[in-house]
Amino acid sequence: MEIKGVAIDIDGTITDRKRRLNCRAVEALRKLEVPVVLATGNISCFARTAAKLIGVSDIVICENGGVVRFDYDGDDTVLGNKEKCYKALEVLREKYEVVLLDDVYRKSEVCLRRTFPKDEAEKLIARMGVKLLDSGFAYHIADAEVSKGKALRFIADRLGIDVENFLAIGDSENDIDLLEAAGVGVAVANADLKLKEIADVVTSRPNGDGVVEALEFLGLI
């Protein structure tokens, strides 16, 4: 299979637990001759800035697939319904003390500190048309109709590339749909067990070193 595009998570994949960017991974991504799409749970301005600094394409997946952007100076395409997420948030507030993260900048989801039990919280909002994702850095209440994988399909269609010709690399449960959508899915060594179970390739090295390992293994660099 010919790889014509790469979709890659940021936090925990090309950065470590302290969110330090792996420079070897940056150098490797810059060498690729195919579009590199950053796919993150973070907000659009963060993802676009990261793309510029890393030196990859302006196309980004943000807010776990709830927002897509094709041009640094263009407009965000919002795919998720934030009102659903706010309603679920009110239910969680009845039981937990929640702390919102950069809510003013988020257009499709609600992001929270990891201060309460996820499994218990999921049951409270299970029938509200939302899902609770754990990025490893925060919890995200997201529209159940969106995902990084669906956003990748949306982008692939716009680019005229079969999504099966994408390589996807990630580390956490919010990357599962991304890896399932792509033709080849890679989980770095520090990835969640659930992601490793569905990945085509699991690297022996963590974070950015695992990204370099995967790109070398697949003959892309």
Side-chain angles (χ1 to χ4, degrees), residues 7 9-13 15 17-19 37-51 59-70 74-155 168 170-181 190-195 197-198:
D9 174 55
I10 300 177
D11 291 327
T13 302
T15 70
R17 287 297 304 174
K18 294 183 178 180
R19 294 185 136 171
V37 178
L38 297 185
T40 178
N42 221 308
I43 55 180
S44 175
C45 60
F46 173 93
R48 289 182 286 119
T49 301
I59 307 169
V60 291
I61 296 170
C62 320
E63 299 185 27
N64 296 298
V67 174
V68 169
R69 186 129 172 179
F70 284 89
D75 296 317
D76 290 334
T77 299
V78 181
L79 304 176
N81 183 342
K82 192 173 181 179
E83 288 306 312
K84 287 184 184 179
C85 304
Y86 274 141
K87 290 177 181 178
L89 173 65
E90 291 308 310
V91 171
L92 296 184
R93 274 182 166 151
E94 292 177 4
K95 184 160 186 178
Y96 311 113
E97 183 176 342
V98 299
V99 180
L100 272 67
L101 300 174
D102 44 61
D103 188 59
V104 67
Y105 301 109
R106 291 188 179 269
K107 299 180 178 180
S108 72
E109 65 170 28
V110 173
C111 187
L112 308 167
R113 290 200 186 281
R114 300 165 81 241
T115 57
F116 52 87
K118 178 175 178 285
D119 291 347
E120 184 179 86
E122 282 181 315
K123 295 175 183 177
L124 295 176
I125 59 175
R127 299 182 181 181
M128 301 188 70
V130 299
K131 53 190 174 183
L132 187 62
L133 299 171
D134 184 357
S135 67
F137 295 86
Y139 289 151
H140 301 258
I141 305 175
D143 186 341
E145 297 301 314
V146 303
S147 70
K148 287 185 180 182
K150 288 181 180 179
L152 181 60
R153 291 187 182 95
F154 182 83
I155 287 170
D171 78 298
S172 61
E173 69 173 19
N174 65 338
D175 296 316
I176 290 175
D177 288 338
L178 183 69
L179 267 64
E180 289 180 334
N190 56 291
D192 289 347
L193 179 58
K194 290 181 180 178
L195 191 71
E197 288 174 346
I198 63 97

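Keep in mind that what you see is a predicted model, and the values were worked out from it rather than measured.
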Practice prompt. Please work out whether the ring planes of Phe70 and Phe154 are parallel, tilted or perpendicular, with thresholds of 30° and 60°.
Written response: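 The rings of Phe70 and Phe154 sit tilted, inter-plane angle from 30° to 60°.
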
Within the distance-only criterion (no hydrogens, no angle test), does the side chain of [X] pair as donor or acceptor with the backbone N or O of [Y] below 3.5 angstrom?
X      : Y      : value
Glu109 : Asp143 : no
Asp192 : Glu173 : yes
Tyr105 : Phe46  : no
Asp103 : Leu100 : no

Does one side chain, of [X] or [Y], offer a donor that lies under 3.5 Å from an acceptor on the other?
X      : Y      : value
Ser44  : Asp76  : yes
Glu145 : Asn81  : no
Thr13  : Asp171 : yes

Is the shortest heavy-atom distance from the side chain of [X] to the side chain of [Y] under 4.5 Å?
X      : Y      : value
Leu38  : Arg69  : no
Leu92  : Ile125 : yes
Asn42  : Ile10  : no
Asn64  : Val146 : no
Ile61  : Leu152 : yes
Ile141 : Leu112 : yes
Val98  : Leu89  : yes

Distance (rounded to the nearest 0.5 Å) between [X] [atom1] and [Y] [atom2]:
X      : Y      : atom1 : atom2 : answer
Leu193 : Ile198 : CG    : CD1   : 11.0 Å
Ile43  : Arg48  : CD1   : CZ    : 9.0 Å
Glu94  : Tyr96  : CD    : OH    : 11.5 Å

Between [X] and [Y] (salt bridge meaning N to carboxylate O under 4.0 Å), is one present in this structure?
X      : Y      : answer
Lys194 : Glu197 : no
Lys150 : Glu180 : no
Asp102 : Arg106 : yes
Asp9   : Lys148 : yes
Lys87  : Glu83  : no

Item to complete: Using the ring of Phe137 (Phe, Tyr or Trp, six-membered ring only), decide whether Arg17 places NZ or CZ under 6.0 Å from its centre and within 45 degrees of its axis.
Response: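 So Arg17 does make the cation-pi contact.
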
Practice prompt. Kindly indicate, with the supporting measurements, whether the criterion side-chain contact (heavy atoms from CB on, under 4.5 Å) is fulfilled by Ile59 and Ile155.
Written response: CA-CA 8 Å; Ile59 307 169; Ile155 287 170; 3.7 Å; yes

Worksheet item: Under 6.0 Å from the CD atom of Glu97, do we count more than 12 heavy atoms belonging to anything else shown?
Response: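 For Glu97, atom CD is not crowded (no more than 12 foreign heavy atoms under 6.0 Å).
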
Worksheet item: Is it true that atom CZ of Arg113 has more than 12 heavy atoms of other residues, nucleotides or ligands lying nearer than 6.0 Å?
Response: no

Quick check: closest heavy atoms across [X] and [Y], and the distance to 0.1 Å?
X      : Y      : answer
Lys118 : Leu132 : CE-O, 3.1 Å
Ala191 : Gly170 : CB-O, 4.3 Å
Lys131 : Ser147 : NZ-CB, 3.7 Å
Ala142 : Leu133 : CB-CD1, 4.3 Å
Val60  : Ala51  : CG1-CB, 4.2 Å
Ser108 : Cys85  : O-SG, 3.7 Å

Worksheet entry | Stepwise side-chain contact (heavy atoms from CB on, under 4.5 Å) check, His140 with Val110 | CA-CA 6 Å; His140 301 258; Val110 173; over 6 Å; no

